[in-house]
Amino acid sequence: MTEPLCKGMIAPMSKYPFHEIETKWQRYWEENQSFAVTEDESVPQEKRMYVLDMFPYPSGAGLHVGHPEGYTATDIYCRYLRMNGYNVLHPMGFDSFGLPAENYAIKTGTHPKVTTEKNIENFRKQIKSLGFSYDWNREVSTHSSDYYRWTQWIFLQLFRKGLAYESHTPINWCDNCKTGLANEEVKDGKCERCGTVVVRKNIRQWVLKITEYADKLLSDLDTLEWPESVKAMQQNWIGRSEGASVVFTVDGLDAELEVYTTRPDTLFGATYMVVAPEHPLVAQLTTKEQESAVNAYLDASARKSDLERTDLAKDKTGVFSGSYAINPVNQKKIPIWIADYVLISYGTGAIMAVPAHDTRDWEFAKKFDLPIIEVLKSEINVQEAAWTEDGIHVNSSFLDGLNKEDAIKAMLAWLEDKKVGTKAINYKLRDWIFSRQRYWGEPIPLVHCPKCGTVEVPEDQLPLLLPEVTSYEPSGTGESPLAKIDEWVNTTCPVCGGKAKRETNTMPQWAGSCWYYLRYLDPKNSEAFVSKEKEQYWMPVDLYVGGAEHAVLHLLYARFWHKVLFDLGLVSTAEPFKRLVNQGMITSFAFQRKDKSLVPTDMVEETEPDVFVEKATGEVLERVVAKMSKSLKNVINPDEIISEYGADSMRMYEMFMGPLEVSKPWATTGLNGIYRFLDRVWRLYEERVITDEAPSKELNKLLHKTIKKVTYDTSSLNFNTAISQMMVMVNELYKTEEFPKAVAEALVKMLGPYVPHLAEELWQQMGNTESLTKISWPTYEEKFTVDEEVELVFQINGKVRAKETVAKGMDKAAALEMAKQNEKIIGWLEGKTIVKEIVVPDKLVNIVVR
RNA sequence: GCCGAAAUGGUGAAAUUGGUAGACACAAGGGACUUAAAAUCCCUUGACCGUAAGGUCGUGCGGGUUCAAGUCCCGCUUUCGGCACCA
């Protein structure tokens, strides 16, 4: 074995004809519409299930192995539910607006629609080749005008509600993608998509008031069965904080400076103020003497990118404005500084600085030699470091002697009494920058009229179609390619009929995915985005499975839209996705040099078992786990796997690798093991005699235990352990030449959701004429699963010293007596005093000796 | 720095409520079949000591609770994911 990974892998050698079987049954399901679902009113509410996968962006690269992981999990679950009498909605579609197709269009001139639809066709074919039980009649694509008509319609509802507004404040701009970005799309100061450093740019933007829903988005998280990590991420993103708004007067000026602080208790320690460079009062606060210094500073900070301003190497910078504020609690005059460590976008864009008890203020005070006054008794010297823990207040007049919590309350009361401050709540969440200066997205259905202002495109004129353009190239000046099409831009005002111009920005890719789960319910409705009846029949989504990368972006945006629709009475649930499961990433093995750099897989040789060597240098490498990437040449292509091992092997292997939620490395040898298992199953039914006899007592027990475990594990999505239990049973069946039909049938039924093609085939070969998809899940009886004999463990001081097989239900005294008569135990007891005896019935006896 | 998740054999991993650690699978070794190989079937396989019986150690590290800890508590280390001057 010289190839460490899967290239040139040993193709399975056997008779199991997966290719014919899989083609045959996929055709059967399609021709028989096996998975088409309707809103059958006779099915009670609790037997209706909506199981949803996050729909894919149809990229040119096609499906990767991560997609089938979640899809297989939901497919198994859906097939299991159907066999248990549930009416299951399980749809699939495509998130088909987006930049890659547009960038390809710029390069090649091919219309994004052409590329996208070709990719969708490929994706659909690939997804179908895995035998998933989707109701394909409900497929939606976000780029089709039938679909985005309603995306535009929902936007108009938001607009009407005052939740969409135009903003001129600086936004995140990616100069490579030539478009504005939402805060959520900026990671480490860089564009999430392409890694370009984001700059601030002043362009007109459409913004959605997601902050209006901050409170609901936060509090309703409690009602969701979601991973705690995702809830935590959303909580952090929303970033609610409680504090106070305090008003400072400015000495000698008719101006007030309002600040937000979470620590009003430290007001006596405020030794200076800071306003952000963009603060509206900056000009007024700046005195003649300071003017040139301030202007220079404003210039410099305006030139900085967000990354430079917020980067970890946060060397504090700032400039004195020349003005002073009056601290309302003690009338002290404190200097007002301008510094870019204060952000204009949070709170009021101005702070009171308490260097003794805030690390950032402390750093700034040290750098500019500003006074540091201790107001909480600190365990360290506040001249040397900031003390940010709790303490007893000092130097604080009426707060002296109080701890942090009590002092905050006391100060809030004082501020409100004196009318110089109030309790205030702030959120880190910003409004959602919703317009993109690109072509391949939903046109925003608004018209700018010089007389009437911004007006809606009337609903009956939707969809507002995306016009054809000659060039897809964004202007880069902050206008989309649509701005260049005069005959499209120039229109008449729907209100006054006068000359007007269309909005030329388009919506971000997230728009379409904000509501696709609703369109699946009623995909062909031309009267409404979804009918009330169908919405009430299915919603909310009972199980939503997808990648953790959408923890804040898609899942926050979709919740926001859903809540707006809920408030408008258009949907009946406050939350769209009741239960969420993130599937883990499928990683791959990679090889690492001593300097931690990675070596592409094809440059590595396995010279002996588990010894990996770089071909070029002979350096011994460590095998590590890494993301699949083209450059490491460790990407697994699902098409190849399916053609060499079959869809059933692919499905079952991905479920057998480990728990659904954790990330795990792909190993083709492991896939081969699953293939072998399926081949063994095939041969079991081909070669062994299936009898009409009743199963033996032992076999019957194993059967019922297996059904119990597989049932329990399948319903709780623990597919890996369900599979291993089926393996145990198959291994057992292999020990005999024949086995009973009852066992044969139950096993095929359990295999059904996991390896549906193979199971259907075996089911048919056993003489059944009805598809396995219509058959009920096997049941077990608890009484057949209990062991009559148990192994009793005898321990001395908690260590196992002997074991004995006994009849179940032996009473404590008898068990203890038995232990004491055990030869080995006698030996261990010799010369010792028994201190304590513990008996756990049917489990163990533990004798404590001294 | 803050928040979250995790750490178990050579590898992927099991272990309902604290009660036999390592199910199932991969890899490895041995055997059967074969002219041979592949495929298949059977056996062994946590480490160490021992001819064996058996013993000692063992779930990232250090403590603790308990008759008994992978599981509970305290303190740390490392890895992964997220956030990061949010006052």
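All chains are named by letter (A, B, ...) in the order of the sequence lines, taking the proteins before the strands, and each is independently numbered beginning at 1.
Proximity note for A/Y341 (side chain, C-beta onward) versus B/rA84, B/rC85, B/rU16: the nearest is B/rC85. Comparing B/rC85, B/rA87, B/rA14 against the side chain of A/V342 picks out B/rA87 as the nearest. When each of B/rG12, B/rA87, B/rU40 is scored by its nearest atom to the side-chain atoms of A/R683, the top-ranked nucleotide is B/rU40. If you check B/rC85, B/rG82, B/rA87 against the side chain of A/D358, the one that comes closest is B/rA87. Nearest nucleotide to the A/N236 side chain, out of B/rC41, B/rC3, B/rA14: B/rC3. In this structure, of B/rG81, B/rU20, B/rG82, it is B/rG81 that holds the atom nearest to the side chain of A/K627.
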A/H357 and A/E389: CA distance, side-chain angles, deciding distance, side-chain contact (heavy atoms from CB on, under 4.5 Å) verdict: CA-CA 8 Å; A/H357 306 290; A/E389 306 292 310; over 6 Å; no
Between A/Y685 and A/F739, is the ring pair (Phe, Tyr, Trp, His ring centres under 6.0 Å) condition met? List the steps. CA-CA 10 Å; A/Y685 285 77; A/F739 64 106; 5.7 Å; yes
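A/E791 places its CD atom 14 Å from the C1' atom of B/rA21, with the value rounded to the nearest Å. For the pair A/M726 CE and B/rA23 C1', the computed distance is 15 Å after rounding to whole Å. Rounded to a whole Å, the CG atom of A/L660 is 16 Å from the C1' atom of B/rG12. In this structure, CE of A/M655 is placed 22 Å from P of B/rC24, rounded to the nearest angstrom.
Put simply, the side chain of A/Y297 gets close to the backbone of A/D340: a donor and an acceptor are under 3.5 Å apart.
Shown here, B/rG1 forms a base pair with B/rC83; the pair counts as Watson-Crick or G-U wobble because both key distances fall under 3.5 Å.
A/V354 has its side chain out of reach of A/R263: every pair of non-hydrogen atoms, C-beta onward, lies at least 4.5 Å apart.
When the side-chain nitrogen and oxygen atoms of A/N731 are compared with OP1 and OP2 of B/rA23, none of them lie within a distance under 4.0 Å. Side-chain nitrogen and oxygen atoms of A/Y712 include none within less than 4.0 Å of the OP1 or OP2 phosphate oxygen of B/rU16. Put simply, A/R676 has a side-chain N or O that comes within less than 4.0 Å of OP1 or OP2 on B/rC26. The side chain of A/S241 places an N or O atom within less than 4.0 Å of a non-bridging phosphate oxygen (OP1 or OP2) of B/rA87. Checking the phosphate oxygens (OP1, OP2) of B/rC24, no side-chain nitrogen or oxygen of A/N720 falls inside 4.0 Å.
For A/K428 and B/rC83, a side-chain-to-base donor-acceptor distance below 3.5 Å is absent, hydrogens and geometry of angles not being considered.
Rounded to the nearest Å, the gap between the P atom of B/rA47 and that of B/rG10 is 7 Å. Between the P atoms of B/rG63 and B/rA14, the separation comes to 29 Å (whole Å).
Within 4.0 Å (heavy atoms only), A/P659 reaches sugar-phosphate atoms of the nucleic acid but no base atom. Across all strands shown, A/G673 has heavy atoms under 4.0 Å from sugar-phosphate atoms exclusively, and none from any base. At a threshold of 4.0 angstrom between heavy atoms, the contacts of A/S724 include nucleobase atoms, whether or not backbone atoms are also involved.
Contact between A/M650 and A/P68 at its shortest, heavy atoms only, is CE-CG, 3.9 Å.
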Protein within reach of the bases, or only the backbone? For nucleotides 55-72 of chain B, mark each nucleotide 5' to 3' as B, S or -, using heavy atoms under 4.0 Å. SSS---------B-----
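Residue A/M352 is tested with A/L257, A/D358, A/T266, A/D361 for a side-chain contact (heavy atoms from CB on, under 4.5 Å); the sole match is A/T266.
Comparing A/Y346 and A/G658 along RNA chain B, the residue whose closest nucleotide (by nearest heavy atom) sits nearer the 5' end is A/G658. Mapped onto RNA chain B by nearest heavy atom, A/I723 and A/V230 fall at different nucleotides, with A/V230 at the one closer to the 5' end.
Glycosidic conformation, B/rG12: anti, with the torsion outside 90° of 0.
Aromatic rings of A/W337 and A/F364 (six-membered ring for Trp) have centroids within the 6.0 Å cut-off, being under it.
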